[in-house]
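Inspection log for the structure reproduced underneath, given as C-alpha cells.
Note that the structure is a prediction, hence the values are computed from the model and not measured.
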Amino acid sequence: MELKSTPMGQRLAQHPYNRVKLLNAGIEVSGEKHQYLIPFNELINIFCKKGIVWGELEFLLPKDKVVRLHGTDWEETQQFYRYLYQSWQNWSKEMSEISAQVLEKQLHNINEITQSNRWIKKSKLNEIQQSIKESFSAIPLPLERLMQFDNCQTLYQQCLEWLKQGEALINKENSAWVTQILNDHAEFFNTIESSPLNESQCRAVINGEENILVLAGAGSGKTSVLVARAGWLLRRQLAQPEQILLLAFGRKAAQEMNERLSRRLNDDIMAKTFHALALSIIQQATKKQPKISELEINSEKRRSLLLGEWRAQCQQKKAQAKGWREWLSQEFEWDIPDGEFWHDKKLENQVAVRLERWVGLLRMQGGSQKSLIESVDPEYTESFKNHLKLLSPLLKAWKTALKEEDAIDFSGLLHQAINLIEKGRFISPWKHILVDEFQDISPLRASLLTALKQQNKQTSLFAVGDDWQAIYRFSGAELLLTTSFHHAFGEGAECALDTTYRFNDTIGNVANTFIQQNPAQLSKPLNSLVKGNKKSVVLLSDDQLENLLNKMSGYVEENETILLLARYHYLKPELLKKAKTRWPKLNLQFMTFHASKGQQADYVIILGLQEGKDAFPAPARESIIELALLPSVEDYPNAEERRLMYVALTRAKKQVWLLFNKQQPSCFVSELKSQGVPLQRKP
C-alpha cells in the first residue's frame, strides 16, 4: 500500500518526501532525491493531521526525531493512516508478548539472586544492571513504548528501578538477610568473644563484600571483630583454615592475636607479621631458609654499625664532614660543636635516630640510586642527590654487613617476596586476607597484599583500622591507603564500629571532638557505655605532678594502673626514680605516646603540653630525605601530632590529667579549654 502527494501539494509543500509505502514491518518515505526507511521497531508514534487543503503524516522516532509527509489528498491520507496504524498496532501487540517474555526472564534471574539467602555483593549489582541493559537491547520494541502495554508496564518499571535505585534495593535485601542471620546465629555472636558482639561488630563480621574496611576508634573491639570474622568464615564454610591469612604489624600483636585465636577457635589458624609472611613465601618458593639479619633484631648492633661508618666517613673525608655539618645545622638548626663534632655524645644520640630512619627509608624503596632519584619530586632532586651522596657509604656498609652475615633485612624480605609472587613462583593459597591496624600500612606492605590479590583473583581483603590513630608516617605508613581504601584495593564496603568499651563518655567526647577538628579525618561515631563526670579530663599545671601522685596514692587501688605519657622518652620525670619507695602501692608506668599504642590503663597522665624546647605538638622538621620519600605532609596544622594526642587520651579508662607548662603552654591547651575541659590549680 502506498500514499503519494498530489502534484499541486508536492509543488506547494516543497518537501523532500512525497511518497510513503507500507512494508512488511515498517514504512519507506521517499522523494525524488531522498529515501528514508523506518522499521516499526524504531517507530514511536504516528500522527495524521489536516492542513488547509491537504493531509499530513508525521512519524515520531527516538530522541524526538520527526519525519513528515505533506501535500497528500486528505481522504487518501485518512485511509492510509487507518490501515498503517492497524498494521503497526498488530505488530506491536505481537512484539509486546516477546518483550514481556524477555523482561520476565530478566526479573526471574534477579529474583534468584535476591532469594539466594546470602549477601549480595556490589559486583553482583553491576552484573544485574549490565544484564538489564543487555535485555533492553534485545527487546523488539522501542523502550519508550513499553509503558503503553499492560503486559510490559510493571515488568519494565521494575527493571528501571534496578537500574536507577539498584544500590538501595541491594542494601534493603542485604539488611533483611543480616537481620535473619543475626537471629539464626545469635549463639555464635554471643560466644565467639569473651563478651557478646554488638550489632555494628556483627554486621561487620558477616558483611559479604570482596574488600571490607572496618573503621573503628580506640577500644571499640577491632581485634575481636577480626577473630570473629575468621570464625565466621569457618562456620559458614566459606574457607578452610589454610585459606585464611591473618596479618598483624608486630610480633607482639601477632602473638596476642594467636592467643585469642587459640582460645576462641579450635582450627589451626595463625596470625603472622608481614615480615613472617614474606619469609614464608620465600621459603616455599625457593626451598631456601633466609636468615634475618641481626641488624633488624639488635638495635645496639644496628646503631653501632651506622654510627661507626658515619664517624669514619667524617674522620677520613673532609667533604663528608663539611656536608654533614651543613646538613644537620641548616635543616635541623642543631648546634654543631667546632672541630671533630662526630665524637660529641649528645649529637651522636640525635644523629643515630635519624640515620636508622633514613637508611630504613632508602632500603624500603629498593631499586638503584638512579631510579630512586628519578622517582623524587623535582622540587627536591638536587638536595636529595647531595644527601644521598652522604648516605651512600652507610647504605654500602649496611649491604656489606648483610652479605657478611649471609642474611637479609626486612625491606629485602618484602621486595623478594613480591618479586616471587609477580613471577608466578609462589601460588597463593589464601581466599581471605584479614589485616589488623590497617592505618599503619606502608606502600611496600600494600604492594605485597596487591600482589597476592592479583595472583589469586578470588582473594578478599578484610581490614580493621582507625585513621584517627595513624601515627607512624615517620616509618613509611601511608594514611591515604586507608582513607582511599577502595581506590587502592578494589570495590567493596566500609563499616564502622560505633561503641567503645574502654573509656567513659567524657573522655570520648573530648577525644572525638579534638581529633575531628581536622576535616581530613574520616567521620565516625564512637559512643561509650560508661558515664563519666565533668572532671574525667582535666588540665593541670606540670608543677603539680608530685602533688597529683600524692593524692592518687590515697584512692587508687593496687590492681589499678597509672600510665604516664610523654612525646619523647627522655622526658621521663626525674621523680619517678623515687616512685617505688615514695608511692610503693601505685602501679606506675612511663611510655612515649608512640609506645602506648595498643595499651590501656585506668588512669593516664599526659606530660609535656608546652611550646619551645621539646614542644608538643612537635614542630615539623623533616629532612629532604623524609620529604622526598615519605607520604606528603597533610595540609592541616599538626595533623599527626593531633592523632598522637588522640592516642594518648584514649589509653585511659577512668580519668586523664593533661599537664601543661604555665609559662609556655601548648597550643592544644587553649583548644581543649574551648572544648570545655576544666582547668584545675591543684589535683
Side-chain angles (χ1 to χ4, degrees), residues 1-5 9 13 15-31 34-51 54-112 128-166:
M1 188 173 181
E2 189 175 75
L3 175 67
K4 296 181 181 179
S5 300
H15 200 270
Y17 302 120
N18 56 40
R19 178 183 305 172
V20 59
K21 182 180 180 181
L22 177 61
L23 305 176
N24 180 49
I27 52 175
E28 180 185 85
V29 184
S30 61
H34 301 278
Q35 185 180 27
Y36 197 99
L37 182 65
I38 305 174
F40 282 166
N41 59 19
E42 291 183 6
L43 190 56
I44 305 298
N45 210 340
I46 308 170
F47 302 99
C48 180
K49 302 178 182 178
K50 183 180 180 181
W54 293 283
E56 177 183 332
L57 286 178
E58 186 175 273
F59 305 103
L60 181 62
L61 304 179
K63 298 181 181 178
D64 294 328
K65 186 175 181 180
V66 177
V67 176
R68 294 184 178 90
L69 178 70
H70 297 275
T72 56
D73 180 80
W74 173 238
E75 289 187 4
E76 291 180 5
T77 303
Q78 287 181 297
Q79 184 181 1
F80 182 85
Y81 169 74
R82 285 192 291 269
Y83 189 82
L84 169 61
Y85 192 83
Q86 188 61 47
S87 299
W88 178 56
Q89 288 298 312
N90 291 340
W91 177 89
S92 299
K93 184 178 180 182
E94 183 181 352
M95 294 304 109
S96 74
E97 298 295 333
I98 297 173
S99 300
Q101 291 173 13
V102 173
L103 296 173
E104 282 176 349
K105 183 178 179 182
Q106 178 60 60
L107 290 171
H108 176 74
N109 293 338
I110 294 174
N111 288 336
E112 283 188 341
I128 289 173
Q129 292 180 332
Q130 184 59 36
S131 179
I132 290 172
K133 291 174 183 177
E134 290 174 1
S135 295
F136 282 177
S137 68
I139 287 174
L141 285 166
L143 297 181
E144 295 94 321
R145 296 193 62 206
L146 290 178
M147 294 297 289
Q148 300 171 8
F149 304 97
D150 293 340
N151 56 345
C152 295
Q153 189 179 77
T154 303
L155 302 174
Y156 180 58
Q157 284 178 323
Q158 290 175 358
C159 288
L160 281 179
E161 193 174 7
W162 274 98
L163 281 181
K164 296 176 181 178
Q165 303 173 35

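- Between S99 and P140 the shortest side-chain heavy-atom distance falls below 4.5 Å.
- With values rounded to the nearest 0.5 angstrom, K105 atom NZ is found 9.5 Å from H108 atom NE2.
- Of all heavy-atom pairs between Q153 and M147, the closest is NE2-O, 3.0 Å.
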**OP:** Determine, stepwise, if the pair L84 / V20 fulfils side chain to side chain contact (heavy atoms under 4.5 Å, CB included).
**Re:** CA-CA 10 Å; L84 169 61; V20 59; 5.5 Å; no

**OP:** Starting from the C-alpha separation in whole Å, work towards a yes-or-no answer on side chain to side chain donor-acceptor pair (under 3.5 Å) for Q35 and S30.
**Re:** CA-CA 4 Å; Q35 185 180 27; S30 61; 5.7 Å; no

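- In this structure, CG on L3 lies 13.5 Å from NZ on K21, to the nearest 0.5 angstrom.
- Other residues, nucleotides and ligands contribute more than 12 heavy atoms inside 6.0 Å of the CD atom of E112.
- Interatomic distance, W91 CH2 to L43 CG, rounded to the nearest 0.5 Å: 8.5 Å.
- Using a 4.5 Å cut-off on side-chain heavy atoms (C-beta onward), L61 and I38 make contact.
- Counting all heavy atoms, side chain and backbone alike, R145 lies closest to L141 at NH1-CD2, 3.7 Å.
- Smallest separation of non-hydrogen atoms from G55 and T77: CA-OG1, 3.9 Å.
- Here the closest non-hydrogen pair linking I44 and P62 is CG1-N, 3.7 Å.
- At a threshold of 4.0 Å, the pair E58-K49 counts as salt-bridged, since one of the basic side-chain nitrogens sits closer than that to a carboxylate oxygen.
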Subject >> Full working for side chain to side chain contact (heavy atoms under 4.5 Å, CB included) between T72 and E56 >> reply: CA-CA 7 Å; T72 56; E56 177 183 332; over 6 Å; no

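- Side chains of W74 and Q78: a donor-acceptor N/O pair is present below 3.5 angstrom, by distance only.
- Going from atom CG of N45 over to atom CZ of F59 covers 11.0 Å, rounded to the nearest 0.5 Å.
- The two residues S87 and L22 have their closest heavy-atom pair at OG-CD2, 4.0 Å.
- The closest side-chain heavy-atom distance from H70 to L57 is not below 4.5 Å.
- Taking the side chain as every heavy atom from C-beta outward, L103 and I139 approach each other to under 4.5 Å.
- You'll find the side chain of Q130 stays beyond 4.5 Å of the side chain of I132, heavy atoms only.
- Of all heavy-atom pairs between S135 and V102, the closest is O-CG1, 3.7 Å.
- When the shell of 6.0 Å around CG of N90 is examined, it contains more than 12 heavy atoms from other residues, nucleotides or ligands.
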Subject >> side chain to side chain donor-acceptor pair (under 3.5 Å) assessment of R19 paired with S5 >> reply: CA-CA 6 Å; R19 178 183 305 172; S5 300; over 6 Å; no

Original post:
Which is it for F136 and Y156 under the side chain to side chain contact (heavy atoms under 4.5 Å, CB included) test, yes or no, and what are the steps along the way?
Top reply: CA-CA 9 Å; F136 282 177; Y156 180 58; 3.6 Å; yes

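- By the neighbour-count criterion of 12 heavy atoms within 6.0 Å, atom CG of D150 is sparsely surrounded, having that number or fewer from other residues, nucleotides or ligands.
- For the pair S92 and F149, the minimum side-chain heavy-atom distance is below 4.5 Å.
- Classification of the Y85-W88 ring pair by plane angle, with boundaries at 30° and 60°, yields perpendicular.
- The neighbour count for Q157 CD, taken as heavy atoms of other residues, nucleotides or ligands under 6.0 Å away, is above 12.
- Counting heavy atoms from C-beta on, the side chains of Y36 and E28 never come closer than 4.5 Å.
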Subject >> side chain to side chain contact (heavy atoms under 4.5 Å, CB included) between F47 and L60, worked out >> reply: CA-CA 8 Å; F47 302 99; L60 181 62; 4.2 Å; yes

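- One finds the CD1 atom of I27 at 11.0 Å from the CD atom of E42 (value rounded to the nearest 0.5 Å).
- Atoms CG and NZ, from N151 and K93 in turn, are 9.5 Å apart once rounded to the nearest 0.5 Å.
- Ring planes of H34 and Y17: perpendicular class, angle over 60° (limits at 30 and 60°).
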